[in-house]
Amino acid sequence: MTTTASRAPLAQPASRRRRPFNPRRAAAWALLVLAIAVSVLPFLWVLRTALSTNNALATNAASLLPAEFSFGAFKRVFGLQSAAEAVAEGGSGAQIDFWLYLRNSIVFSSITTAGAVFFSAMAAYAFARLRWKGRNAVFSLFLGTMLVPPIFTALPNFLLIKNLDLLNTMLGMVLPYLFMTPFAIFFLRQFFLNMSREVEEAAMLDGAKHLRIFFQIVLPNAAAPIATLALLTFIGQWNEYFWPLLVGSQDDVRVLQVGLGVFKSQSPQGAPDWSGLMAATLISALPVLILFAAFGKKIVNSIGFSGIK
Amino acid sequence: MTTLAKHPSSVAPAEVKPRPKSGLRGLGDLKIALLFIAPAMIGFIVFYVVPTLRGVYLSFTEYNILGDPEWVGMENYTAIAKDPLFWNSLAVTGQYVFLNIVLQTALALGLALLMHQVAKSTIIRGALLLPYLMSNVIAALLWFWMLDYQIGVVNQFIEWSGLPRVAFFGSEAWAIPTQALINTWRHMGYTALLIFAGLQAIPGHVYEVAKLDGASAFQTFRKITIPLLRPVLVLVLVVTVIGSFQVFDTVAVTSGGGPVNATRVIQYYIYQRAFTESDFGYGSAIAVILFLILALVAFIQMKFLKGNESDLD
């Protein structure tokens, strides 16, 4: 009896593996593989282009391997090439400081992420765990701002930052994102609502105040959703283009996304510096690619949830 | 005394507590809540509420940043009504939104069904999500290169298959479809994952019953999958429409509104009027119109979603 019982669950996956060939399934797989190829292959093409030289690209437009393998494009992007060398390899010869833009992007994204996630967590705590009059009305008001298109507030916000004399400063770039995003509050409130009250109440009986409960119980218990939110916020901020374009157009605060546009427009119209442009693109994408490689599962699993926005 | 009766278990602590504390109970946690919400509230008021009101105010003014805004009433709006560039931007944006809805929803629905049937692995979902995690600027540049007329790889393939090369960014006919294709590439996987999540939520027994009743695959899809998926599909449509109306980055980086006015979408036109021509009143007025369009879309969304909430029960 015991042998049959233990064999039965084993038999099932075995028979599942030996499924007969099914043309519909095969076709479905083929289409899926095609979709994956369309999603992923462009990145390999970018890498291949970045490792080519511009001269060889023109004559060798479709080979999968780099045309005349060279690190020249990356050197050019990071300003490690002399102007003459750069021009010889199809660059514009103008200096562009991608290290600086990389640093600016890291500073901009990290500060806004830290601020928005922390302050939104505090607000979410007030909306989820504290009882006060008008709580739901204020929350709906906050949520309502999700409907306001960013371009609409961008114009007056630009004027405000200008009046404060903060154009082309990191502070001016960071401020509008620093205190909250409606989505972050919404996202964390969902999690805080579902936390059990028991631990919190036990702590209360011990005389713990809300600040201590927030820092020592709620935040640690919500570490996973907070990490996911921080990840999503960071990627979003890293990719932000419009606001940094308006406010941070000067070199010392310019972020990578804006720098990419500048790099592209520097290319002579007739013959763009394709390998340089693709090297720059890859560098700008790299942090997100690394985060994705490390936390892909977290990001993927958050999609069903974040779709509620 | 009545409170004591209500909470017999807390008799001892309640008696120990001093009286003023129970008097504060009426306010709930308001004081501490204000403390917790203060930073978010400041950001909310300064960077969302006030700019929204100021944006509406600016739309009734003439303002070139140097002087003070000058009240001109409806002048901006009447000028917009007669502005061919505005109507063109609206038409171009409409075209872009329409293409995005059709392409993105159809492809994403197909992909979601494929995943649901043959592969649910995280790796596959991750691969499909990769473009979505890239910025608009990166997606734009990557395709700007691959779609290049001279040496872009796509045109190489087009030539090999015996067709004439396509000036994707340079021809008026292709400019908007190209922008829509880039956006579709970036969002296809994300949208598919949203729909996939919706598919996962449909209970299996619904399908079993359909099978017992002898329903064909197509009938099941039409009579069960689509209706039960309707809330997700409506959500996807609305997110796509609202997002598409605000296209800017890809246009700004690749075609810059051209050729001629073929890709001068609404947001790009606002940007030009406000920031390159320093006409903030006019730019704000167009932004108000865009805002109203999006509010209308959101309103329709809420109506639809409410009507469909019971579908899954």
Side-chain angles (χ1 to χ4, degrees), chain A residues 25 28-29 31-32 35-36 38-40 42 45-46 49 57-58 61-62 119-120 122-123 125-126 130-133 142 145 147-149 151-153 155-157 160 176 178-180 185 210 235 239 241-242 246 257 260-261 264 274 277-278 281 284-285 288 292 296-297 299-300 303-304 307, chain B residues 28-30 32-33 36-37 39-40 42-44 47-48 51-52 54-55 58 111 114-115 117-119 122 124-131 133-138 141-142 145-146 151 153 156 189-190 193-194 197 235 246 248-249 253 267 270 274-275 280 283-284 287 290-291 294-295 298:
Chain A
R25 261 185 86 78
W29 265 111
L31 285 173
L32 204 54
I36 292 167
V38 170
S39 300
V40 176
W45 196 250
V46 169
T49 309
L57 276 181
F119 292 135
S120 297
M122 282 176 65
Y125 178 76
L130 301 173
R131 286 189 213 103
W132 43 287
K133 229 181 145 188
F142 270 52
T145 50
L147 296 177
V148 183
I151 174 81
F152 189 75
T153 45
L155 264 60
N157 277 338
L160 173 69
L178 196 60
F179 299 103
M180 59 96 86
I185 293 178
H210 283 289
I235 292 175
N239 290 340
Y241 177 68
F242 192 58
L246 299 183
Q257 306 298 334
L260 271 180
K264 187 224 154 204
W274 288 121
L277 192 55
M278 288 305 110
T281 304
S284 309
V288 174
F292 191 52
K297 204 163 188 180
I299 298 174
V300 170
I303 294 309
Chain B
D29 301 318
L30 184 62
I32 190 81
F36 270 94
I37 218 166
I42 291 170
F44 177 69
F47 295 105
Y48 286 91
T52 303
R54 198 174 174 198
L58 285 176
L111 267 180
L114 289 178
M115 276 193 281
Q117 281 188 351
V118 296
T122 317
I124 289 177
R125 281 186 278 159
L128 290 172
L129 193 65
L130 191 57
L133 298 173
M134 295 298 123
S135 69
N136 285 318
V137 177
I138 287 173
L141 288 178
L142 179 159
W145 158 231
M146 300 215 304
I151 53 173
V153 65
Q156 290 293 327
Y190 172 75
L193 287 196
L194 288 185
L235 171 90
Q246 300 177 68
F248 175 83
D249 304 358
V253 173
Q267 184 151 335
I270 295 173
F275 292 98
F280 271 80
S284 300
L290 176 62
F291 189 4
L294 297 181

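Chain letters run A, B, ... following the sequence lines, proteins first, then strands; residues in each count from 1.
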Could you tell me whether the side chain of [X] and the main chain of [Y] form a donor-acceptor pair under 3.5 Å?
| X | Y | result |
| --- | --- | --- |
| A:Lys264 | B:Val253 | yes |
| A:Asn239 | B:Leu133 | yes |
| B:Asn136 | B:Asp249 | no |

Of all of [options], which one pairs up most often with chain B through heavy atoms under 4.5 Å apart?
| options | answer |
| --- | --- |
| A:Gly261, A:Gly296, A:Pro42 | A:Pro42 |
| A:Ala28, A:Ser39, A:Ala126 | A:Ser39 |
| A:Leu31, A:Thr153, A:Leu155 | A:Leu155 |
| A:Leu260, A:Ile235, A:Ile151 | A:Ile151 |

On the 0 to 90° scale, with breaks at 30° and 60°, tag the A:Phe152-B:Phe291 ring pair as parallel, tilted or perpendicular.
tilted
In terms of the angle between their ring planes, are B:Phe275 and B:Phe280 parallel, tilted or perpendicular, with boundaries placed at 30° and 60°?
perpendicular
Stepwise, does the side chain to side chain contact (heavy atoms under 4.5 Å, CB included) test hold for A:Leu277 with B:Trp145?
CA-CA 9 Å; A:Leu277 192 55; B:Trp145 158 231; over 6 Å; no
Let's test your reading of the structure: which of [options] forms the most heavy-atom pairs below 4.5 Å with chain A?
| options | result |
| --- | --- |
| B:Ile270, B:Leu290, B:Ile37 | B:Ile37 |
| B:Thr122, B:Leu58, B:Ile42 | B:Thr122 |
| B:Leu141, B:Val118, B:Leu142 | B:Val118 |

With a 4.5 angstrom heavy-atom cut-off, is it the side chain or the backbone of [X] that approaches chain A, or both, or neither?
| X | result |
| --- | --- |
| B:Gln156 | side chain |
| B:Ala127 | both |
| B:Phe44 | both |
| B:Ala33 | both |

Which of A:Thr145, A:Leu178, A:Leu160 passes side-chain contact (heavy atoms from CB on, under 4.5 Å) with B:Phe47? It is A:Leu160
Could you check A:Thr49 against B:Met146 for side chain to side chain contact (heavy atoms under 4.5 Å, CB included), going step by step and ending with a plain yes or no?
CA-CA 10 Å; A:Thr49 309; B:Met146 300 215 304; over 6 Å; no
Select one option (side chain, backbone, both, neither) describing which atoms of [X] are under 4.5 Å from chain B's heavy atoms.
| X | answer |
| --- | --- |
| A:Leu32 | both |
| A:Ser120 | neither |
| A:Val38 | both |
| A:Phe142 | both |

Residues which pass side-chain contact (heavy atoms from CB on, under 4.5 Å) with B:Pro39, listed by chain and number, not counting sequence neighbours:
A:Phe119, A:Met122, A:Phe179
Apply side chain to side chain contact (heavy atoms under 4.5 Å, CB included) to residues A:Val148 and B:Tyr48 and explain how you reach the verdict.
CA-CA 8 Å; A:Val148 183; B:Tyr48 286 91; 5.6 Å; no
